[in-house]
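Quick notes on the structure that follows.
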2 protein chains.
Amino acid sequence: MHANVKQNVVPLITPGLKVACSQCNLRELCLPFGLDDHDMARLDNLIGGGRKVKRGHHLYRAGDAFESIFAVRSGFFKTDVLTEDGRDQVTGFQMAGEILGMDGISTEHHTCNAVALEDSEVCLIPFTELELLSSEIHSLQHHLHKVMSREIVRDHGVMMLLGTMRAEERLAAFLLNLSQRFAARGYSHSEFHLRMTREEIGSYLGLKLETVSRAFSRFQEEGLISVQQKHVRILDLPKLKGLLAPPDGRIA
Amino acid sequence: MHANVKQNVVPLITPGLKVACSQCNLRELCLPFGLDDHDMARLDNLIGGGRKVKRGHHLYRAGDAFESIFAVRSGFFKTDVLTEDGRDQVTGFQMAGEILGMDGISTEHHTCNAVALEDSEVCLIPFTELELLSSEIHSLQHHLHKVMSREIVRDHGVMMLLGTMRAEERLAAFLLNLSQRFAARGYSHSEFHLRMTREEIGSYLGLKLETVSRAFSRFQEEGLISVQQKHVRILDLPKLKGLLAPPDGRIA
DNA sequence: GTGTGGCATTGACGCAGATCAAAGGGGTGC
DNA sequence: GCACCCCTTTGATCTGCGTCAATGCCACAC
């Protein structure tokens, strides 16, 4: 079933791509967060270099042996899981500064697929060596734990979304989440380009692509956003946030 | 909003409850997995003792300062998150040998509630000290990472369930999951007592309690299980598993 | 520039599960 | 041991989203 594992993965490590963490403008979002110069240099030293992943190609596939986690340097990824019966579920979208691949630690094999949604670059962080270093640098160890914990908390948020929200609430939550993450990276919080298709959004949100499309159209009719294909502009942030409150609007 | 944080938490640590990991029949499922006698003794040494949590009481609440993770020694817990607008979502059920509280690492505060569904006992594992020890014992460090990663993978499974499955599939997956976990603990895989209400099952599965009840009844009509209130017996395991395959039964 | 195929939009219709409602049963607490 | 309340079951109806279908648009390759 996984005979073709890795076929699409660019196997080359391209040291020329390597950018020192200390020079990286994502260091405040990424793994080096909180390290002093000395420790950051040690982390730099173990990071194996960069890897380019072209749009549509896999960074890793479910079943691949787990060796490294990855930090997104640039670009955009999705992760998805699929069952033997062919259903698949997008479990997340990752942008610059975010960490990919932690699903693989538990079984020594990746349990989901990571696919680049645009031409992207990642830093490759060999996990065994990261553990070794993190046992020497306490703040690195703690930050790694925080990153993993954050992933768990994020997943709980998605479970809440999938378990309790209606279609328009889900899409509003999704847009607000993207907006906030773009803003954290210095991009506009009100205007951005969706890297994923309606179908991928729908898979992530537990909706069909038509429902996503209709919700976009409805938001536009109501003046909350303007949307043209993959270009989105948020016009009325407060009202969009208001969609997350339930109709009865009870006081907590 | 969290003025009453901890009001229900039994603040006592009861050292009399302490059972050495080496004496615990859950050690193969729990954190000490893979440790040799010497290292297990060191882990024992940091575990702060046990805590009893009576049915219906909180082990911790969203907002509580994070200090420890917990290993369930006996009993049964649920974790849930709630939004400011009053919706809540059960994010998991935890039984003996499973670890609770890792959601709190990322923000230093717990982000969900943990409630005992029956009178229970947990081991209290101070996290700072665990990090310290795990930087000295590599296999402990690695196993901790595996436990966290397993939680991430488990959450992906729930996302898959919530995003793609229909009501009866969800309930079948839930029952099979429970069955397998009971079996791993030496209990019957075919007959067990549900500790949670239909409403809690529904919340976990993204369904209303009536839908859960109807699905139970349907399974019983079809001879897959027998169910009387909280007592469940699985009568036709293969057929129950078969429910997880989609109707079209396509070949992967 | 032009062709092509994937992606998006929109409409009509159906259904799975939510909602509303009512009654019965059993476990829990006193 | 008893009573009460919560939990569960079951029915009737409603509705949000899925499904099916057709058309249109845009990005990209050549």
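Throughout, protein chains are lettered first and strands after them, A, B, ... in sequence-line order, and every chain is numbered starting at 1.
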Atom-pair distance ([atom1] on [X]; [atom2] on [N]), nearest Å:
{"X": "Phe216(A)", "N": "dT10(C)", "atom1": "CZ", "atom2": "P", "answer": "13 Å"}
{"X": "Arg195(B)", "N": "dC7(D)", "atom1": "CZ", "atom2": "C1'", "answer": "17 Å"}
{"X": "Leu171(B)", "N": "dG17(C)", "atom1": "CG", "atom2": "P", "answer": "11 Å"}
{"X": "Arg218(B)", "N": "dG11(D)", "atom1": "CZ", "atom2": "P", "answer": "12 Å"}
{"X": "Leu205(A)", "N": "dC17(D)", "atom1": "CG", "atom2": "P", "answer": "12 Å"}
{"X": "Glu200(A)", "N": "dC7(C)", "atom1": "CD", "atom2": "P", "answer": "8 Å"}
{"X": "Met196(B)", "N": "dT8(D)", "atom1": "CE", "atom2": "C1'", "answer": "16 Å"}
{"X": "Glu210(A)", "N": "dC15(C)", "atom1": "CD", "atom2": "P", "answer": "17 Å"}

Between [options], spot the one nearest the side chain of [X], thanks.
{"X": "Ser213(B)", "options": "dC17(D), dT9(D), dA8(C)", "value": "dT9(D)"}
{"X": "Ser217(B)", "options": "dT10(D), dT8(D), dA16(C)", "value": "dT10(D)"}
{"X": "Arg214(B)", "options": "dA12(C), dG11(D), dT8(D)", "value": "dG11(D)"}
{"X": "Leu209(A)", "options": "dA18(C), dG18(D), dT9(C)", "value": "dT9(C)"}
{"X": "Gln229(B)", "options": "dG26(C), dA18(C), dT10(C)", "value": "dG26(C)"}
{"X": "Leu207(A)", "options": "dA18(C), dT8(D), dC17(D)", "value": "dC17(D)"}

Phosphate OP1/OP2 of [N] contacted by [X] side-chain N/O (<4.0 Å):
{"X": "Lys230(A)", "N": "dA8(C)", "answer": "yes"}
{"X": "Arg170(A)", "N": "dC17(D)", "answer": "no"}
{"X": "Arg198(B)", "N": "dC7(D)", "answer": "no"}
{"X": "Lys208(A)", "N": "dT19(D)", "answer": "yes"}
{"X": "Thr211(A)", "N": "dG18(D)", "answer": "yes"}

Do the side chain of Gln228(A) and the base of dC26(D) come within less than 3.5 angstrom through a donor-acceptor pair of N or O atoms? no

Return yes if the base of dC17(D) and the side-chain atoms of Glu168(A) contain a donor-acceptor N/O pair under 3.5 Å, otherwise no. no

Are the side chain of Asp103(A) and the backbone N or O of Thr111(A) linked by a donor-acceptor pair below 3.5 Å? yes

Looking across every strand, which nucleic acid part, if any, lies under 4.0 Å from Gly206(B) by heavy atom: base, sugar-phosphate, or nothing? sugar-phosphate

Would Phe66(B) and His109(B) count as a close aromatic pair, with their ring centres under 6.0 Å? no

For residues Phe77(A) and Phe93(A), establish whether the separation of their ring centroids is below 6.0 Å. no

Might you confirm whether atom CD of Glu199(B) has over 12 heavy atoms from other residues, nucleotides or ligands at distances under 6.0 Å? no

Go through the side-chain N and O atoms of Gln89(A) and His156(B) and say whether any donor and acceptor fall under 3.5 Å apart. no

So is Arg51(A) actually on top of Phe70(A)'s ring, under 6.0 Å and inside 45° of the axis? no

